[in-house]
Amino acid sequence: MSSPPVVDVQGVWTRFGETVVHEDIDLVVHRGEMLGLVGGSGSGKTTLLREVVGLLKPTQGEVRLFGHSVFGSDPDVQRDLRRRFGMLFQHGALFSALPVFDNIAFPLRELKRLDEELIRELVWMKLAMVELEPAHGLLMPAELSGGMVKRVALARALALEPELLVLDEPTAGLDPDRSQNFVKLIRTLQRELNFTVIMVTHDIDTLAGLANRVAALSDRRVVAVGTFKEVLAVDHPFIRSYFGGAHAVAALEQAG
C-alpha cells in the first residue's frame with residue numbers, strides 16, 4: 001500500500017469578506033518533491049502556505065498532511081503533525097530576545113523529552129548543518145547579518161528533523177551571492193536528509209535552483225502544475241509573463 005501524499009489540498013476555497021482568494025484549489029505534493037508556488041501579487045500564495053501548515057483555516061475544502069486533516073479534532077494527531085514539518089518564515093521570525101542557541105533549542109525544549117545535554121549537542125549539530133560555528137550560538141538576532149538570520153531560521157526549522165520543510169520566500173532580502181549560497185545549502189540538505197519541500201517564491205533563480213515541480217496560481221486557481229516543461233506548455237497570460245522574460249529563460253536553461 002502506497003503512502004499518502006505529504007500535502008493534499010482538496011477543493012479549497014478561501015474568502016475574506018466579499019473577496020475570494022482561492023476558488024476550488026486542488027494540489028498534491030508527494031514525498032521527496034520540491035514544489036515551488038508562484039503567482040502574481042495577491043494571488044494567495046502565502047495564504048495557501050498558511051493553510052497547509054494550519055495557521056489559517058480555509059473557508060471550504062480540506063487540507064491533509066501525511067494523510068491526516070490539518071484541522072482535525074484529535075490533539076495527539078495534531079501534535080504529531082506539527083512535529084513532522086518545519087517552517088522557514090520570510091524574515092526568519094527569530095525570537096529577538098533569545099540568543100541563537102535558544103532560538104534553535106526552542107522546538108527541542110517544547111518536546112519536553114530531552115535533557116539539556118542532548119539539546120546542546122543537537123543545537124551544535126544543527127548549527128554545523130547550516131555551516132555556522134558554535135560561537136554563533138552566543139549571538140543575538142540583532143547581531144546577525146541577513147544571510148545568518150536565514151541560516152539560523154533554517155537550523156530551527158530543521159531542529160526536529162522534519163519530513164516536510166515549508167519555505168516562505170526563502171531568499172527574500174538577500175543579495176544575489178548570499179541567495180545563491182542559501183539555495184545551494186537547502187539543495188544539499190534536501191539531498192542528504194530527503195525531506196519534502198513546498199515553498200513560495202517570487203524569485204525565478206530560487207525557483208530554478210530548488211524546485212523540481214511548479215504550481216502557478218492565477219485567477220484564484222492553480223492554472224498549471226507540473227515540471228517546468230509541462231508548466232511552460234500551458235498557454236496562460238501569467239505563465240507567459242512570469243516565464244517569458246530573457247532572465248527566466250536563462251535561469252531555467254541553466255537549471256536544466
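The figures here come from the full heavy-atom set of this structure, side chains too, leaving out hydrogens, waters and symmetry mates. In this chain, numbering begins with 1 at the start of the sequence shown.
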Please check this pair: side chain of His236 against backbone of Phe238, looking for a donor-acceptor N/O pair closer than 3.5 Å. yes
Per side-chain contact (heavy atoms from CB on, under 4.5 Å), Phe85 is matched among Val70, Leu164, Val7, Val6 by Leu164
What orientation do Phe106 and Phe95 show, parallel under 30°, tilted 30 to 60°, or perpendicular over 60°? tilted
Do the non-hydrogen side-chain atoms of Glu62 and Val12 ever get within less than 4.5 Å of each other? no
Gap between atom CZ of Arg220 and atom OG of Ser43 - 0.5 Å precision: 12.0 Å
Judged by atom type as modelled, is there a donor-acceptor pair below 3.5 Å linking the side chain of Lys150 to the main-chain atoms of Pro170? yes
Answer with yes or no whether the side chains of Gln78 and Asp80 bring together a donor and an acceptor at under 3.5 Å. no
Please examine the side chains of Arg84 and Pro162, heavy atoms only from C-beta on, and report whether any two atoms are closer than 4.5 Å. no
Under 3.5 Å: donor-acceptor pair, side chain of Arg151, backbone of Val130: yes
Enter the distance from Met87:CE to Leu55:CG here, rounded to the nearest 0.5 Å. 6.0 Å
Could you check whether Asp74 and His68, counting side-chain N and O atoms only, form a donor-acceptor pair closer than 3.5 Å? no
State whether a side-chain donor-acceptor pair under 3.5 Å links Thr14 with Glu51. yes
For the backbone of Thr227 and the side chain of Glu230, can you confirm whether one donor and one acceptor N or O come within less than 3.5 Å of each other? yes
Short side-chain to backbone donor-acceptor contact, Asp203 and Thr206, under 3.5 Å: yes
